Amino acid sequence: MSSAAQPCTDWPLLQAVSSLADLRHLPIERLPELAAQIRAFLVAKVTAHGGHLGPNLGVVELTMAVHRVFDRPEDTVLFDTGHQSYVHKVLTGRAGGFDRLREAGGLSGYPSRGESGHDVIENSHASTALSYADGLAKAQRLRNRTAGRVVAVVGDGALTGGLALEALNNLGHTPQLPVVVVLNDNGRSYAPTVGGLAAHLTALRTGRSDPAHNVFTELGLAYLGPVDGHDVVALENALRRARDLGTAVVVHTVTVKGKGCEPAEQDAADRLHAVGIVDPVTCRPTAPVPRSWTSVFSEALVEIGRERQDVVAVTAAMAGPTGLAAFAEAHPQRMFDVGIAEQHAVASAAGLALAGMHPVVAVYATFLGRAIDQVLMDVALHRLPVTFVLDRAGVTGPDGPSHHGMWDASLLSVVPGLRLAVPRDTVTLRSLLREAVAWDRGPTALRFPKASADPPLPAVATEDGIDVLTSSGGPDVLLVSFGPLAGECVRAAAMLERRGVGVTVADPRWALPVPPALVELAGRHQTVVTVEDNSRTSGLGAALAQLCADRKVPAAVHTLGLPRRFLPHGSRADLLTWAGLDAAGITRAVVRARQRTFLSLRDESLS
Ligand SMILES: Cc1ncc(C[n+]2csc(CCOP(=O)(O)OP(=O)(O)O)c2C)c(N)n1
Ligand SMILES: CC(=O)[C@@H](O)[C@H](O)COP(=O)(O)O
Ligand SMILES: [Mg+2]
């Protein structure tokens, strides 16, 4: 599709193919026509709703071929990460759902078991599919279902994750395990994939290396390829051969990320990996993009890097999305991209810190979960000065359950010696980042959301490091805000003031471990309500309540936060409202909490 062309809104063949049976009955000569219509459809829908564009445009032929050669229920098809499963959704009868792609109650942007029996796994953290495939194939054998094949579609980026390498090591070692690894090699994660394995794939792809002897064959798997991943005939032939082998085999396919959409193919940064709502022809945003927290962090770290030669940055293949690309540009020697390898990123940061550097590891909050053992044992146990910057913390929105960053504070709350900062706005983000990299007695973490940067919220006073954002001066209600929910807390305080309820809003800035001054402040109020976009039962509120109980501080602490369950996709604002974390919800919670405080005080006085 040329950038000058009008977007195509007509896809008759795609509409005629509404099931995998239809796809299989289609003569192979018609597949290029279907592929073109699927691409036009994807461009129209993804640009209108936001989502993963480049990855899906690259796997159109590959997904058609996989579904023509392998058949459910006998065979099982898995998509690693799952961000490239849109074509699979179209071909399994879900094209109609794309009008509500990633909207609350609409089609998920990832495989979803609730949506279709054709979606077997829905974990969109990368590098897991080969392990699932290994287990599924072993179980099939134990149940004497020997005819079925397990097919795992995995990207070259996902293959850099340790988990994928552990699985390959195991797959190659298990005789006659019918697992077909379809390696979708487009040479990129977001940016070009880094590392020795990526270089090896390039050598195989370009014929610089002998395909008969490669890392996969050395590990004991069979290898077919490289195959042009846009040639349906070649693909189907290779997949049939792989199917008939009946052993673990890698089919190395070579694809173009963003294929068929010029702005995506030309996009140097990430081939339009994921877009918001953009123009369907130019793929440029249709409205001004508000300033993000990420961009403020990005600028602040470049400045710090100028002042401090010991500050280094580490990314797990996400320099662009985490804002580290600017640091890489300004201080290339001090920037390390380790691939999609969060565990290695954290342990490598520990090594950097042991040798006198101050590493800043920038990851999405949800992906830090991968490396909690390294945070605990390699960083915290050694009291190493590493700063973790957790982007996309709290409710992320349309990416859904796997991407909400709602456990980071809970997980980090158990790490001895780790301090967690929760900036409420971008001014405090800058100052807390400086404090974090100045701290040399152990690890620090800083979390912020995927959201636009709201205007700064100045403190009216600061008491022992706690910022007071508004205060009635009375002992009635203390609202403890956590990061960017401070604005909603201040609005709730204003609503409550109008009802005659006196409220103080306190922002601890460094939320965990709970500062003693916050416990002391809580003790001066009858009702304390904590407000956090982290799991309600195990974050700041739970820790404060526990401390108050331990120290016999007579405050009644009520915790408001996200329920301990997997939250669906939807807009961040709607999900926060649903969870009662907007001003109206906080106001209601305070009213209820005061009633409970009143009743318990009355019961105490009667007993
Ligand atoms: C554990 C983990 N870390 C980071 C990510 C973010 N992420 C999503 S897709 C992607 C790149 C994937 O590259 P590849 O597997 O080659 O797929 P492609 O997009 O090129 O098709 C990354 C880093 C993730 N999903 N999971
Ligand atoms: C699949 C994945 O993990 C990422 O591509 C993620 O979906 C991107 O999210 P953002 O759009 O918030 O960067
Ligand atoms: Mg790739």
Side-chain angles (χ1 to χ4, degrees), residues 46 50-60 62-63 79-87 102 108-111 122-130 152-164 182-195 197-198 201-202 205 229 253-259 264 269-277 289 292-294 315-323 337-346 362-371 391-405 449-451 569 572:
V46 178
H52 288 97
L53 188 58
N56 285 293
L57 292 171
V59 295
V60 177
L62 186 154
T63 310
F79 290 90
D80 196 287
T81 314
H83 64 307
Q84 77 296 51
S85 62
Y86 293 9
V87 185
R102 301 176 3 127
S108 163
Y110 297 100
E122 54 184 54
N123 174 6
S124 54
H125 286 205
S127 318
T128 62
L130 306 193
V153 177
V154 62
D156 55 303
L159 210 61
T160 60
L163 193 54
V182 180
L183 171 57
N184 168 33
D185 179 9
N186 53 26
R188 305 186 68 99
S189 299
Y190 283 76
T193 302
V194 294
L197 191 57
L201 294 183
T202 304
R205 204 167 56 220
T253 73
V254 180
T255 64
V256 174
K257 196 161 178 169
K259 174 87 174 166
D270 63 14
R271 301 288 191 264
L272 298 184
H273 178 92
V275 295
I277 295 175
V289 180
S292 65
W293 290 71
T294 312
T315 178
M318 299 186 75
T322 57
D337 181 352
V338 299
I340 307 181
E342 286 78 8
Q343 293 176 305
H344 169 58
V346 174
V363 290
Y364 286 7
T366 186
F367 300 139
L368 187 73
R370 269 286 162 85
D391 200 326
R392 274 59 167 176
V395 169
T396 52
D399 273 316
S402 60
H403 275 60
H404 295 307
K450 179 181 185 177
H569 59 275
R572 173 172 156 85

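Index from 1, following the sequence. Side chains included, hydrogens not; waters and symmetry mates left out as well; all remaining heavy atoms used. Counting starts at 1 for both ligands and their atoms, in listed order. All figures in this text were calculated on a predicted structure; none of them were measured in a lab.
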Practice problem: Measure the shortest side-chain to side-chain distance between D391 and V363 over non-hydrogen atoms and say whether it is less than 4.5 angstrom. | Solution: no

Closest protein heavy atom to [atom], given as residue, atom name and distance to 0.1 Å:
atom                    : value
atom 4 (C) of ligand 2  : Y190 OH, 3.1 Å
atom 14 (P) of ligand 1 : G157 N, 3.5 Å
atom 24 (C) of ligand 1 : F367 CZ, 3.2 Å
atom 21 (O) of ligand 1 : N186 ND2, 3.4 Å
atom 12 (C) of ligand 1 : I340 CD1, 3.8 Å
atom 13 (O) of ligand 2 : Y364 OH, 2.5 Å
atom 9 (O) of ligand 2  : D399 OD2, 3.2 Å
atom 25 (N) of ligand 1 : S124 O, 3.0 Å
atom 13 (O) of ligand 1 : S189 CA, 3.4 Å
atom 11 (O) of ligand 2 : K450 NZ, 3.3 Å
atom 1 (C) of ligand 1  : R370 NH1, 3.3 Å
atom 7 (O) of ligand 2  : Y110 OH, 2.8 Å
atom 22 (C) of ligand 1 : Y190 CE1, 3.5 Å

Are any of the N/O atoms on [X], whether in the backbone or the side chain, positioned under 3.5 angstrom from an N/O atom of ligand 1?
X    : answer
A158 : yes
A316 : no
A126 : yes
K257 : yes
T81  : no
Q84  : no
E342 : yes
H83  : yes

Quiz item: At a 4.0 Å threshold, what atoms of ligand 1 neighbour a non-hydrogen atom of M318?
Solution: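 Those atoms are 4 (C), 6 (C), 23 (C).
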
Sidechain-backbone polar pair: [X] side chain, [Y] backbone, donor-acceptor under 3.5 Å:
X    : Y    : answer
R572 : V395 : yes
S124 : S402 : no
D156 : R188 : yes

Practice problem: Could you tell me which atoms of ligand 2, counted from 1 in the order shown, lie closer than 4.0 angstrom to a heavy atom of H52? | Solution: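 What qualifies from ligand 2 is 1 (C), 4 (C), 5 (O), 6 (C), 7 (O).
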
Quiz item: Do H83 and ligand 2 have an N or O pair less than 3.5 Å apart?
Solution: no

Quiz prompt | Atom pair CG/CG of D80 and N184 - distance to nearest 0.5 Å | solution =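 Between atom CG of D80 and atom CG of N184 there are 10.5 Å.
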
Quiz item: Considering the options H83, R102, H569, K450, which one meets the side-chain hydrogen bond (donor to acceptor under 3.5 Å, both in side chains) requirement together with D399?
Solution: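 One option only clears the test, and that one is R102.
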
Practice problem: With T366 as reference, evaluate H403, H125, R392 under the side-chain hydrogen bond (donor to acceptor under 3.5 Å, both in side chains) test and give the passing residue. | Solution: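 With T366 as partner, side-chain hydrogen bond (donor to acceptor under 3.5 Å, both in side chains) holds for just one option, H125.
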
Self-check item: Per-residue contact class, N184 against ligand 1 - non-hydrogen pairs under 4.0 Å
Solution: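 Only the side chain of N184 comes within reach of ligand 1.
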
Quiz prompt | Under 3.5 Å side-chain donor-acceptor pair for D337 and T315 | solution = no

Practice problem: Please state whether the separation between the Mg ion (ligand 3) and some N/O/S atom of G157 is under 2.8 Å? | Solution: no

Exercise. Specify whether an N/O/S atom of N186 falls short of 2.8 Å from the Mg ion (ligand 3).
Key: yes

Quiz item: Hey, is H403 touching ligand 2 through its side chain, its backbone, both or neither, going by heavy atoms under 4.0 Å?
Solution: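 The answer is the side chain.
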
Exercise. Output the atom name for the N/O/S atom of D156 with the smallest distance to the Mg ion (ligand 3).
Key: OD1

